[in-house]
Enquirer: 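One structure is given below, represented as structure tokens, and several questions about it will come after.
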Amino acid sequence: MSSPFAPLKNDTFLKALLRQETDYTPLWLMRQAGRYLPEYRATRKGAGSFLSLAKNPDFATEVTIQPLDRFALDAAILFSDILTVPDAMGLGLYFEEGEGPKFERPLKDEKDVMALKVPEPGSLQYVFDAVTQIRHTLNGRVPLIGFAGSPWTLACYMVEGQGSRDFHTVKSMMYKRPDLMEHILRTNADAVAAYLNAQIDAGAQALMIFDSWGGALADGAYQRFSLRYMQDVVNQLQREKDGVRIPVIVFTKGGGLWLEQLADIGADALGLDWTMNLAQARARVGHKVALQGNLDPAVLFADPAQIREQVTAALQSYGKPTAGQGHVFNLGHGISQFTPPDAVTVLVETVHEVSRKMRQN
């Protein structure tokens, strides 16, 4: 079946995720469309608020493309937020300046939890419209990544009502009423899978599941309340569209302890935070999955020579990919809003240049 979109001119990112041979190590950056770019800040000011930006396909397209016009990145990522799904469940997402996302109606008791339902498909149509528009605007330049939060990470926000340092409220529910927590997680898994499948139908060419708060869990609790439900999501995903494989990346921040178990849930690649040693991670997962990561975002505050040194060290730590292995360069978490754009130029150029040379040796 033919695709309604332009053919890809640069598929290096997808090949690396699928552990196929590439001429160089591709890269993209978590939060690559964001506040560190003056053009993003100008567009956001024009939109009036973060949600106005994210819920308008024209604005979302504009800011998704901005970093690609400035840097030679190998993938675009949809501009959106992981909390669009619980917002569509009726929890009332809003942002307070300088304080991050909050919910007007967090899940406080059994009645709230049992009323939770997978969102109606139309409630997130603005996201799917943005995906299609971005894909057409890209015109085959690079692949487009769709994404969602993991069931556990979404649950943290849904129960706490906002971000948290100690996760007191959500962990209290998890230990006191695991039945309620599992109802939330089952609902979230179904909602996330449907949401990601709809992004694929709209034009997403790869997917990423962000388990930002999985690392806050104890061993044992992680497997029961986070890993299991990410596996549920992965199991429900369509892995092919128009005859083309749709790779899936999973990323548990702070999840280095569980790499082997993460590698077994059926994803194509694992994202790594900066606490992980790439060589050791590669040895631990073998040929099961590709790896993505994992430069400390703070490296980008250093001088150009130091950035080049750290990027080169990360590439050398992973080593030259061999048959059946793959590496996508990224930061170990989202890029800081205080990052100088010139530092990103150094990063991108170094990754491409050094990784090409490594493959020639």
Side-chain angles (χ1 to χ4, degrees), residues 1 14 17-18 77-78 80-91 107 113-114 116-128 130-132 135 143-158 178-214 217 222-252 255 258 261-271 288-290 292:
M1 185 177 167
L14 298 179
L17 290 182
L18 297 173
I77 182 163
L78 162 71
S80 187
D81 193 273
I82 63 168
L83 300 181
T84 52
V85 171
D87 183 44
M89 291 171 159
L91 272 65
L107 305 177
V113 170
M114 298 318 289
L116 200 64
K117 288 188 174 61
V118 172
E120 295 295 320
S123 61
L124 288 159
Q125 189 59 44
Y126 66 91
V127 177
F128 314 135
V131 169
T132 302
R135 182 80 190 275
L144 175 61
I145 306 165
F147 72 92
S150 72
W152 164 254
T153 292
L154 297 184
C156 288
Y157 285 101
M158 292 159 74
D179 58 319
L180 292 186
M181 181 52 59
E182 290 181 333
H183 180 79
I184 297 170
L185 294 168
R186 276 194 303 273
T187 308
N188 284 356
D190 290 345
V192 166
Y195 180 56
L196 290 173
N197 280 330
Q199 288 185 42
I200 293 169
D201 287 337
Q205 292 157 284
L207 299 174
M208 181 149 170
I209 300 168
F210 285 91
D211 187 32
S212 307
W213 303 126
L217 288 166
Y222 172 76
Q223 287 84 347
R224 178 176 175 184
F225 295 104
S226 182
L227 187 70
R228 172 184 164 192
Y229 292 96
M230 283 197 287
Q231 177 145 28
D232 279 357
V233 172
V234 172
N235 288 347
Q236 293 181 62
L237 294 176
Q238 54 176 324
R239 305 301 286 275
E240 205 174 273
K241 179 74 177 173
D242 299 330
V244 178
R245 175 84 172 177
I246 308 291
V248 178
I249 310 159
V250 293
F251 173 55
T252 293
W258 306 300
Q261 292 164 70
L262 272 161
D264 282 338
I265 69 170
D268 298 282
L270 303 185
K288 284 186 177 175
V289 287
Q292 177 178 280

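Values in this document were obtained by computation on a predicted structure and should not be read as measured data.
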Enquirer: Taking side-chain contact (heavy atoms from CB on, under 4.5 Å) as the test, write out the residues that go with Leu270, two or more places apart.
Expert: Val250, Leu259, Leu262, Ala263, Val285, Val289, Leu291
Enquirer: Nearest 0.5 Å please: distance from the CD1 atom of Ile246 over to the CG atom of Leu18.
Expert: 9.5 Å
Enquirer: What pair of heavy atoms forms the shortest contact from Leu237 to Ala193, and how long is it?
Expert: CD2-O, 3.9 Å
Enquirer: Which residue, Tyr222, Phe210, Trp152, forms the side-chain contact (heavy atoms from CB on, under 4.5 Å) with Thr252?
Expert: Tyr222
Enquirer: Out of curiosity, Asp264 CG to Leu227 CG, how far, rounded to the nearest 0.5 Å?
Expert: 9.0 Å
Enquirer: Over all heavy atoms of both residues, which pair between Gln199 and Gly146 is shortest? Give the atoms and the distance, please.
Expert: OE1-CA, 3.0 Å
Enquirer: Less than 4.5 Å apart, side chain to side chain, heavy atoms only: is that true for Ile209 and Val234?
Expert: yes
Enquirer: Please list, chain by chain and in numerical order, all residues satisfying salt bridge (charged side-chain N to carboxylate O under 4.0 Å, His left out) with Asp268, sequence neighbours excluded.
Expert: Arg239, Arg245
Enquirer: Walk me through whether Leu91 and Leu116 qualify under side chain to side chain contact (heavy atoms under 4.5 Å, CB included).
Expert: CA-CA 10 Å; Leu91 272 65; Leu116 200 64; 4.1 Å; yes
Enquirer: Minimum heavy-atom separation for Asp81 and Thr84, please, with both atom names.
Expert: O-OG1, 3.1 Å
Enquirer: If you look only at pairs with a residue in residues 183-195, which of them pass as a salt bridge (Lys or Arg N to Asp or Glu O under 4.0 Å), with sequence neighbours excluded?
Expert: none
Enquirer: Over all heavy atoms of both residues, which pair between Trp258 and Gly214 is shortest? Give the atoms and the distance, please.
Expert: CZ3-O, 4.0 Å
